[in-house]
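In what follows, chains carry the letters A, B, and so on, assigned in the order in which the sequence lines appear, proteins first and then strands, with residues in each chain numbered from 1.
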Amino acid sequence: MKNPKILIVEDEAIIAYDLKMKLERQGFAVLPIVVTAKAAVKAAKKTNPDLILMDILLKGSQTGIDAAFQIQALKSIPIVFLTGNRWLIKESQLKKLHNCKILNKPASEFDILAAIKDLLITNQSEPN
Amino acid sequence: MKDYTNLLCLKLQEIHKPIEKIEFKITMEQIRIDLNRAIPLGLILNELITNALKHAFPKKTMGKITISIKKLKDKPYEVIVQDNGVGLPADLNFKKTDTLGLKLINILTEQLDGTVSIKRLPGTKVKITFPSLKK
């Protein structure tokens, strides 16, 4: 896959731009950053990202998990959750989502890239 | 925000010690802003004041930096940082710049759902407005 498209969902502007810069340096195509769950679902529909980097506590009433369910109901897009509050994700919920990983914030560039590559490879090998 | 701004100016001036003839004028009420917006606002002020201290007075002449935060009833917050220095370079496009400080100001203002406007007077006047209630 050449220059996979990544959607960043993150409401802390500096963190979002830091992620964007790191990913672009690695050759990923970063889509315009979105800050709410609603905007994330809309962007996923419209721009067809290859993978989503998702914060959990977002601006607005819905969380990143809400967005993940809505997105994966439509498309099988792998998701990397980034959160400082691991307890926000229940194991039972996680089982209902596919192709996803959770990283604790702050995550190292190495861990983020490893998670992304891992999910992109898995997703490619089982097309659906 | 008032105490914070006073302290911030003092500390930033300490860092940029060579410029000792800069006078600060801070006009604002004791404004309390919720943490989610106080953090980006604090970072924006830091960038704006640092810019003024670092770039506005290259000849270390006398200078003045005015900072004000206003919140009128039913109106958005209005933050102004103004200096009477040399002004921004004529070829600088504030919205499309790669310098980290200005980029940060732009993205943090976006986080506040706000807008940035810049006037090239003699000197520079930066005005940031952002809504008072989170949607």
Next item on the list: Would you give the length of the straight line joining atom CG of B:Asn106 to atom OH of A:Tyr17, rounded to the nearest 0.5 angstrom?
Entry: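 Interatomic distance, B:Asn106 CG to A:Tyr17 OH, rounded to 0.5 Å: 8.5 Å.
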
Margin query: Could you measure the distance from the CE atom of A:Met21 to the NZ atom of B:Lys103? Nearest 0.5 Å is fine.
Written below: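 Output value for this atom pair is 6.5 Å.
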
Should we say atom [atom1] of [X] is surrounded by more than 12 heavy atoms from elsewhere, each under 6.0 Å from it?
X       : atom1 : answer
B:Lys75 : NZ    : no
B:Lys71 : NZ    : yes
B:Gln30 : CD    : yes
A:Lys42 : NZ    : no
A:Lys75 : NZ    : yes

Note to self: Quick one, A:Lys59 and B:Asp113 - any side-chain contact, counting heavy atoms below 4.5 Å?
What the structure shows: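 Yes, side chains in contact.
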
Item checked: Options A:Ile33, A:Val35, A:Ile14, ranked by heavy-atom pairs under 4.5 Å with chain B, top entry ->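 Ranked by contacts with chain B, first place is A:Ile14.
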
Notebook entry, point to check: Is chain A contacted by the side chain of B:Leu43, its backbone, both, or neither, given a heavy-atom distance below 4.5 Å?
Noted result: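 Just its side chain gets close to chain A.
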
